[in-house]
Amino acid sequence: MKYHFQYGYTGTREMVIFLDEAALKDNIWADDDGDIRVYQDLTVTFDIDRYLRLMQLLKPLKEIDAEFGRVQMTADIESKSAAETYKIRGTFIEVYYKGDLNLDARWWCDGALIDFGVYLNMPNQFYTDPTAWFEQEIAEKALKIIMKAGYEMMFWDDVAVDFDHWVHLLEQLGGYSFINFEQDVWEMARGHKEPPHIGNIRQHLLLERLRQAIEGRYRFLPVEYSINAMDTHLYVNGYSVATLSDLDRVLGAYCRKNDVTITEKGDKHE
C-alpha cells in the first residue's frame, strides 16, 4: 500500500492511499467474488482532520458502549481498471464497528448492484495515536499541492508579474520568514465558504509581510497595496515598487525632497 498527503479542493488535508493489484489481492472483498477481478487498482482519498475529529468523539463512546453500531465518513474512491465496467457509487470509509477502529473502504457499483470493500491495513502506530502518526508522516512526506476540477488550484498562479520580485525583495529585507507560507495560505482559504482565489490570498500574505518589513525598517515611508489577481500593485510613499532598486529610488527621492540622510538601519538624520 502506497500513500501520500495533499491539500484538497478547499484546503483540507487529505490522505491518498493507492493499492495496486498485489495490494488488493488479499484485502478486497465483494458480495460476489467474480466481480473482484475487475479491480486491479484502487485509490482512496479522505479528509484527515475530519477523521481525527471523529476519533476524538468515538473514544468515550467506545468506553461507554463498545457494541454501538458503525460509523462511516465520506471518501473518494476511484479505479482506472474498473472505470469501463463499473461506475463507482456510494463511496465512504468505515472508521468504527462495534468497538473495532480498523479502517475499511466501502462502495457499490452501477451494473453490479453489490457491495465492495477493501481492508486498509494501517500500521499499529496509526491506531495507537492517529494524530501523532499523521503529523509525523506529514512532516516526513510533506503535503502536495494538487490540481482539481480544472480550476488550476483555484487560480494559484493568477498573480502579478512582480510576485517573484516581491518574494526576492522580502528575502533581501530579511522580512517575515517563509516557513509555513503555503500552510498559512490554506488556513486562510479554509475560512471561505466558496472556493477562494488562491492567487489573491498568496499575494495578500506576501504583501502584508513585505509591508511590515519595509515599515519596520523605514517607519517614515507609508506602504500600501492593492490586490486583484494579475492587476496587483505595491506602493511605497506613492511609488510603485517591485525590486530593491525601486525601493532605493523611492528612498533617494525622499532624501532629496526632505534633505535628510538614511542609515543602513533605516534611521533618518536631518
Test your reading of the model: is there a side-chain donor-acceptor pair from [X] to the backbone of [Y], 3.5 Å cut-off?
X: Tyr235; Y: Pro222; result: no
X: Ser79; Y: Asp41; result: yes
X: Trp29; Y: Asp115; result: no

Given the rule that I, L, V, M, F, W and Y join up when any side-chain heavy atoms are under 4.5 Å apart, are [X] and [Y] in one cluster?
X: Leu101; Y: Phe68; result: yes
X: Phe92; Y: Leu19; result: no
X: Trp107; Y: Val38; result: yes
X: Ile48; Y: Met122; result: yes
X: Val16; Y: Leu42; result: no

Answer whether the closest heavy-atom distance between the side chains of [X] and [Y] falls below 4.5 Å.
X: Thr45; Y: Glu78; answer: no
X: Ser240; Y: Asp246; answer: no
X: Glu137; Y: Met15; answer: no
X: Leu221; Y: Leu251; answer: yes
X: Arg13; Y: Phe5; answer: no
X: Leu210; Y: Leu173; answer: yes
X: Val250; Y: Val241; answer: yes

Working to the nearest 0.5 angstrom, can you tell me the gap between [X] [atom1] and [Y] [atom2]?
X: Leu207; Y: Thr232; atom1: CG; atom2: OG1; result: 7.0 Å
X: Thr43; Y: Lys80; atom1: OG1; atom2: NZ; result: 7.5 Å
X: Asp76; Y: Asp47; atom1: CG; atom2: CG; result: 10.5 Å
X: Leu58; Y: Met55; atom1: CG; atom2: CE; result: 4.5 Å
X: Leu170; Y: Gln212; atom1: CG; atom2: CD; result: 9.5 Å
X: Arg209; Y: Trp166; atom1: CZ; atom2: CH2; result: 15.5 Å

For [X] and [Y], work out which heavy atoms get closest and say how close.
X: Phe116; Y: Ala30; result: CD2-CB, 3.5 Å
X: Ala229; Y: Asn200; result: N-OD1, 2.7 Å
X: Thr243; Y: Leu169; result: C-CD1, 4.0 Å
X: Met73; Y: Val95; result: CG-CG1, 4.1 Å

**Study point:** By side-chain contact (heavy atoms from CB on, under 4.5 Å) - contacts of Tyr97 (at least two apart)
**Key:** Arg70, Glu94
Exercise for review: Tell me whether the centres of the aromatic rings in Phe126 and Tyr51 are closer together than 6.0 Å.
Suggested key: yes
Answer yes or no: does atom [atom1] of [X] have more than 12 heavy-atom neighbours from other residues, nucleotides or ligands under 6.0 Å?
X: Asn124; atom1: CG; result: no
X: Tyr239; atom1: OH; result: no
X: Gln72; atom1: CD; result: yes

Point to revise | Positive for ring-ring contact (aromatic ring centres under 6.0 Å, His included) with Tyr3, one of Phe134, Phe18, Phe46, Trp133 | key: Trp133
Review point. Which is it for Met1 and Ile17 under the side chain to side chain contact (heavy atoms under 4.5 Å, CB included) test, yes or no, and what are the steps along the way?
Key: CA-CA 7 Å; Met1 182 179 76; Ile17 300 174; 3.3 Å; yes
Check your understanding: Hey, mind stepping through Tyr119 and Asp26 against side chain to side chain contact (heavy atoms under 4.5 Å, CB included) and telling me if it holds?
Key -> CA-CA 9 Å; Tyr119 304 113; Asp26 298 321; over 6 Å; no
Review point. Would Arg211 count as a cation-pi partner of Tyr225, with NZ or CZ less than 6.0 Å from the six-membered ring centre and within 45° of the ring normal?
Key: no
Point to revise | Residues Tyr218, Tyr254; criterion ring-ring contact (aromatic ring centres under 6.0 Å, His included); working and verdict | key: CA-CA 11 Å; Tyr218 308 110; Tyr254 180 90; 9.6 Å; no
